[in-house]
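Quick note on labels: first sequence line is chain A, next is B, and so on, each numbered from 1.
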Amino acid sequence: MPLDALGWIFMLVSVSFVTLLTLWCFSRVLGTQEEPPKPVKDFHSA
Amino acid sequence: MQEKQGWSSRLGVILAVAGSAVGLGNFLRFPGNAAENGGGAFMIPYFCALLFLGIPIGWAEWTMGRYGGRKGFHSGPAIMGLFGKGSWARYVGVCTVLIPLAVYFYYVLIESWCLLYCWKFLTGGIGLGDQAIAAQVNASKTFFTEVTGSTANGALFQDDKHGLLIFFGITMVLNVWFVHRGLSKGVEWVCKWAMPTMAAIGLIVLARVLTLGTPDPALPEQNVNNGLGFLWNPKFEALKDFKTWVAAAGQIFFSLSVGFGVIINYASYMKKKDDVVLSGLTASATNEFFEVALGGLITVTAAVAFLGIAETQKATGSSFNLGFNTLPVVFAHMPLGNFFGTIWFLMLFLAAITSSLSMLQPTQAFVQESLGCTRRRATALVTVWALAGTAFVMYYSGGLDALDTIDFWVGSFFILVIGLAQIFCFGWIFGMGRGIAEAHEGAQMRIPRLIQFVMKYVSPLYLAIVIGGFCWQELPDEQNPDGTIKAGYISKAMDNSTVQLAWLVLVATTLGLLALVFIGERRWRAQGLDVDGQHPPAD
């Protein structure tokens, strides 16, 4: 059973959606500055 | 006092959560599930489950974790206590530690299988030779049986033909070492290297698979186009079957690590102004990329191209069949098969280690927090605990019953239950308005109003229906179309002493964790911490 027209549509839409969503998210994450980490103390540890 | 653990960057925590989520299920379980439940049509309930369950509950977990960290807590039970405003939630929240710990009992073993297979392919393959495909599949199954010792209980300790115990030892040492190094130098460091490596390997293997064409001109029906068709051609009648919807929801939950107790622990080390909304969405999207774009195009396609639809169909019902019995035969037929076998199992090993590290970390944080001990002591205690559980699974290897029991109850059922408890505490006890305001603290993007409605009403209802369906489907015996009976989990528990022993191990582990909650609760109260979440964070 070769890939039919609906199969192509489901495959392309699904793969494109997750790929574009991932690229969009990483572009937002990497495109913003973040504060440098500050060392703080933990109150639970001995 | 010692320096608090934390992430060195936002990308670090995203990759760590994504690394935790991306595991064997992305490459082996997802394609099998999709092929068995409607092909392309499976993506409809799958994306519904992602939108109505995975992403909303994931956002709730990220928010709960960061809020708990601001109140000085890093363990699932303590944070559940804050959101459920009482001891009951802390004791229910014990599942957020039981799940990663008990899954670790068997997951680290599977991880060592991947390392062993990687080594075998690097050093010449698993010895399938030039026999007919059916004989190669049998030889591959025999090899897998010998590696796992699934012929009988104790087989692995009597005749470890392929040196699994050595690979298990290496895997365990790596796990303990990286967890002991702490979050940024351990888990984060591993994920920062492993995730891009996995993506690169996945894309290389994908390129190879999609350019296979028709590997054997004598068998023209075995080709890439038919492989893609087998997985992606939609069979809409499957949507009428409730099982398809339960399978899709289970896949999303299992795959995204929602309800696993990992996200809540990892997010607790974030700062007040760190963006949990975008981070949560990015981690989920990354997992989906690995699952749909790589897992959905590689595994089944390659199997059909080399072995045909009939042989692939036999394997899709089980991740182990597909991954460890069928794919080695595919690599035996593929040009440069040993190279591709090596990098494929290396990728699976990396996927597994980033997940297994995330299972030890919440337990270690919980032990450290409840007993007030050092990280070294907590790591030692968790290592002994994990080793004892894994030794049980390794010894009771006959038919892989112990592994299967823990996987079913803890890795599939309890994650749904704790997911329901979490979204209920978040939306109904802590309050949706407060929860969303907390999620939006430092966020670049807003959670849409529609999703807020989904989080409060749709997700709990959807999840309750899925849990009901799961029980209805899996617990009683079921008659197959050919008239044979498929034993449900109730019958299995009645008839099989290994299953009963596995239950005993789970009960003992749960009791141990409950005792730690009891001890911890008293310590936290004595320290004057706001254990029941009565006041806003001091920062």
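- Rounded to the nearest 0.5 angstrom, A:Ile9 CD1 and B:Met43 CE are separated by 14.5 Å.
- Neither the backbone nor the side chain of B:Phe42 comes within contact range of chain A; no heavy atoms are under 4.5 Å apart.
- We find the CG-CH2 distance between A:Leu6 and B:Trp232 to be 13.5 Å, quoted to the nearest 0.5 Å.
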Checklist entry - What do the steps show when you test B:Ile44 against A:Phe10 for side chain to side chain contact (heavy atoms under 4.5 Å, CB included), and what is the final call? => result CA-CA 9 Å; B:Ile44 295 172; A:Phe10 272 93; 3.9 Å; yes

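- Annotation: maximal heavy-atom pairing with chain A below 4.5 Å, among B:Leu278, B:Leu297, B:Asn223, occurs at B:Leu278.
- Side-chain contact between B:Thr286 and A:Phe26 is present, with at least one heavy-atom pair separated by less than 4.5 Å.
- Residue B:Leu231: no heavy atom, backbone or side chain, is found under 4.5 Å from chain A.
- For the options B:Asn287, B:Val292, B:Val224, heavy-atom pairs under 4.5 Å to chain A are most numerous at B:Val292.
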Checklist entry - Under the side chain to side chain contact (heavy atoms under 4.5 Å, CB included) criterion, do B:Leu228 and A:Met11 qualify, and how do the steps go? => result CA-CA 9 Å; B:Leu228 291 172; A:Met11 184 178 79; 3.9 Å; yes

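- Contact count against chain B (heavy-atom pairs under 4.5 Å) is highest for A:Leu21 among A:Leu23, A:Leu21, A:Val13.
- Here the closest heavy-atom approach between residue B:Asn233 and residue A:Gly7 is recorded as OD1-CA, 3.6 Å.
- Across every non-hydrogen atom of B:Pro234 and A:Asp4, the tightest pair is CD-OD1, 4.1 Å.
- Contacts of B:Leu371 with chain A are absent, with no heavy-atom separation under 4.5 Å from either backbone or side chain.
- Taking B:Asn37 as the reference, B:Asn33 meet the side-chain hydrogen bond (donor to acceptor under 3.5 Å, both in side chains) condition, with sequence neighbours excluded.
- What you find for A:Val29 and B:Thr282 is that their closest heavy atoms are CG2-OG1, 3.5 Å.
- Residue B:Lys272 places its NZ atom among more than 12 non-hydrogen atoms of other residues, nucleotides or ligands, all under 6.0 Å distant.
- The two residues A:Trp24 and B:Met445 have their closest heavy-atom pair at CH2-SD, 4.1 Å.
- Panel note: side chain B:Asn225, backbone A:Pro2; no donor-acceptor pair is recorded below 3.5 Å.
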Checklist entry - Please walk me through it: do B:Ile309 and A:Met1 pass side chain to side chain contact (heavy atoms under 4.5 Å, CB included)? => result CA-CA 9 Å; B:Ile309 287 178; A:Met1 54 180 110; 4.2 Å; yes

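- Only the backbone of B:Ala41 comes within contact range of chain A, judged by heavy atoms closer than 4.5 Å.
- With sequence neighbours left out, B:Glu221 forms a side-chain hydrogen bond (donor to acceptor under 3.5 Å, both in side chains) with no residue at all.
- A:Val18 places a side-chain heavy atom less than 4.5 Å from the side chain of B:Phe47.
- Heavy-atom neighbours of A:Arg28 CZ from other residues, nucleotides or ligands within 6.0 Å: above the threshold of 12.
- Closest non-hydrogen pair, B:Ala285 versus A:Cys25, comes out as CB-SG, 4.3 Å.
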